[in-house]
Amino acid sequence: MPLSLSIVTAQRSVMERNDVTKIVVPAAEGQITILPKHAALLSALGIGEMLVFAGNQIEPYVIHGGFIQVLNDQVSVLADAAEHAEEIDVARAEAARERAQRRLSGQDSEVPRGGVDVLRAQLALQRALARVRTARRHRTGQPSMR
Amino acid sequence: MAGGGSVRAIRDRIRSVGSTAKVTRAMELVAASKMRRAQDNALRARPYAQQMIAVLSRLAAGTGEGSEHSHPLLESRPVKSVLYVHITADRGLAGGLNGNMNRAGAALLLQYQPDVERVAVLPVGRKGRDFFRRAGMDLVADFSELGDFPNFEDVRPIARIIMEDFLSGKVDKVIIGYQRFVNAAVQRPTTIQILPIEPPASEEGADVASNVEFIIEPSPAALLNTLLPRFVEMQVYAAILEARASEQSARMVAMRQATDAANEMASDLTLAYNKARQESITAELLDLVGGVAALEAS
């Protein structure tokens with residue numbers, strides 16, 4: 001019996017389907033794979049790529065923190081933000097990455113020195129990188145980074 | 001020409017009432033389309049809210065009552081200071097919506113005031129802000145002008161402020177008040193406690209779930225640590241979305257009533273106008289007939 005999976009954020013329901021055979025998700029403690037008959041699980045999520053295997057396709061998503069619950073082959077992902085790889089605005093993600101990198105290296109002229117919230121900038125960088133990587137890897141017709 | 005002046009006055013009034021009706025009709029249509037979007041936003045936030053409540057109740061149940069999994073945001077302490085988050089519209093012309101909410105908020109605060117040292121208000125929306133400012137209340141921040149369709153990120157700072165104030169011990173209880181969207185015709189002023197968090201009572205599924213051994217990663221405490229702040233944010237967000245849907249539907253109904261009233265007034269005036277016109281014509285005719293008769297008699 002396949003898994004049924006839903007990905008929701010506070011703003012919207014991102015996806016929902018019940019023919020999923022395998023899920024790879026960035027949990028807080030590292031990447032985990034969920035197959036049917038997985039034990040009941042509640043876990044925090046990290047930032048990164050999530051792969052949904054359904055039919056003979058792999059649907060890539062990018063997930064930015066949140067939670068996952070697995071119970072009786074019902075998988076719910078409550079993400080802070082989630083997008084399908086096709087939905088990612090690569091130009092925006094690139095711009096966000098550059099901005100975060102500038103902030104972290106202290107070269108941002110808009111922000112006074114010492115006024116940088118390092119933790120926030122690091123998280124922003126992480127999110128931007130996850131978006132860019134996921135989009136690059138899966139976007140059709142675009143050269144792959146790796 | 002006895003009635004001439006009043007005929008013209010009536011005609012001017014018909015014209016002005018008619019243009020008022022046009023304005024209120026336009027506002028009704030705008031509100032109707034905004035209501036659909038606002039309602040949509042509120043509906044789309046619901047699955048997340050439901051799942052989060054399910055996860056939270058499982059986590060509370062799964063960790064068991066014996067094990068001490070308490071978290072500062074769950075901590076209930078003697079209430080010395082209350083913070084009230086008051087959600088209203090930025091604009092009026094929405095019937096009794098804002099007035100009812102302000103009255104409900106004031107009633108709530110009056111209920112607490114005798115027993116606590118401090119009552120403060122965090123207004124979200126100009127109508128409520130102005131109301132509590134005039135009342136001389138202590139306003140901790142002002143989140144007016146969030147727009148008709150705020151997103152999650154717009155709302156997070158509100159949640160952050162109330163959590164900070166709660167965790168630092170500045171306030172012991174946080175209540176949120178908003179117009180709950182029942183349907184397009186009915187909105188109900190609602191107040192709920194958001195801090196300390198009262199873990200949602202486990203529902204149907206949770207009875208089964210409490211027997212299931214959950215693997216919890218990284219740890220129940222760590223999970224609560226990220227889940228509870230999200231829960232607060234989600235509740236604030238959901239309340240604001242409901243309030244926005246209520247606002248647009250209340251405005252739509254109020255504007256429809258105004259349009260109907262204006263049209264009715266216009267038809268009454270048209271009747272009066274025709275009567276007055278008829279009278280003035282009759283009077284002129286009588287003058288004429290009288291004049292001819294006088295001439296013939298002489």
Side-chain angles (χ1 to χ4, degrees), chain A residues 4-18 23-35 37-48 63-83 92 96 117 119-120 123-124 126-127, chain B residues 40-63 149-156 159-160 205-206 208-241:
Chain A
S4 57
L5 167 69
S6 67
I7 304 178
V8 295
T9 69
Q11 305 254 48
R12 64 185 182 133
S13 171
V14 179
M15 65 87 74
E16 194 170 358
R17 59 194 294 176
N18 44 25
I23 302 165
V24 179
V25 67
E29 308 274 80
Q31 207 171 54
I32 57 171
T33 300
I34 293 156
L35 294 166
K37 301 199 197 301
H38 195 283
L41 168 75
L42 271 178
S43 173
L45 294 177
I47 296 171
I63 298 282
H64 307 275
F67 315 92
I68 185 170
Q69 174 185 288
V70 183
L71 178 65
N72 301 331
D73 285 348
Q74 306 269 333
V75 183
S76 319
V77 172
L78 289 93
D80 293 349
E83 289 150 20
R92 221 180 116 193
D117 185 337
L119 190 67
R120 249 185 79 185
L123 278 174
Q126 231 180 322
R127 280 196 301 266
Chain B
D40 230 46
N41 285 352
L43 286 180
R44 285 198 303 186
R46 240 168 238 180
Y48 183 82
Q50 284 162 350
Q51 304 229 21
M52 180 157 258
I53 288 169
V55 169
L56 194 55
S57 64
R58 290 225 171 88
L59 196 58
T63 46
F149 311 108
N151 62 36
F152 196 59
E153 292 306 314
D154 297 333
V155 166
R156 284 175 80 171
R160 207 178 62 226
V208 190
S210 53
N211 299 325
V212 177
E213 280 288 309
F214 269 94
I215 303 168
I216 295 174
E217 283 178 345
S219 68
L223 206 54
L224 275 179
N225 224 349
T226 40
L227 193 91
L228 292 177
R230 281 289 174 284
F231 185 68
V232 173
E233 289 169 353
M234 186 273 293
Q235 278 192 306
V236 174
Y237 181 60
I240 292 176
L241 292 186

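Values in this document were obtained by computation on a predicted structure and should not be read as measured data. The chains referred to below are lettered A, B, ... by the order of the sequence lines, with proteins before strands, and numbering in each begins at 1.
A donor and an acceptor atom, one from each side chain of B/Y48 and A/Q11, are nowhere located under 3.5 Å apart.
For A/A10, the parts lying under 4.5 angstrom from a heavy atom of chain B are both the backbone and the side chain. Heavy atoms closer than 4.5 Å to chain B are found in the side chain of A/Q69, but not in its backbone. Only the backbone of A/A79 comes within contact range of chain B, with at least one heavy atom under 4.5 Å from a heavy atom of that chain.
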Check: Do A/I68 and A/I34 pass the side chain to side chain contact (heavy atoms under 4.5 Å, CB included) test, and can you show the C-alpha distance, the side-chain angles, and the key distance before you say yes or no?
Finding: CA-CA 11 Å; A/I68 185 170; A/I34 293 156; 3.5 Å; yes

Note to self: Checking B/L56 against B/L224 for the side chain to side chain contact (heavy atoms under 4.5 Å, CB included) test, could you report, in this order, the C-alpha distance in whole Å, the side-chain angles of both residues, the deciding distance, and whether it holds?
What the structure shows: CA-CA 8 Å; B/L56 194 55; B/L224 275 179; 4.2 Å; yes

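Every residue was checked against the ring-ring contact (aromatic ring centres under 6.0 Å, His included) condition with A/F67, not counting sequence neighbours, and none meets it. Partners of A/E29 by side chain to side chain donor-acceptor pair (under 3.5 Å), not counting sequence neighbours: none found.
Residues of residues 38-46 of chain A lying under 4.5 angstrom from chain B, judged on non-hydrogen atoms, are A/A39, A/A40, A/L41, A/L42, A/S43, A/A44 in numerical order.
When the candidates B/M234, B/E217, B/M52 are compared by the number of heavy-atom contacts under 4.5 Å with chain A, B/E217 comes out ahead.
Sorted by first and then second residue, the side-chain hydrogen bond (donor to acceptor under 3.5 Å, both in side chains) pairs with a member in residues 220-232 of chain B read A/D80-B/R230, B/H71-B/N225, B/R230-B/E233; sequence neighbours excluded.
Across A/S13 and A/E16, no two heavy atoms sit closer than the pair OG-OE1, 4.5 Å.
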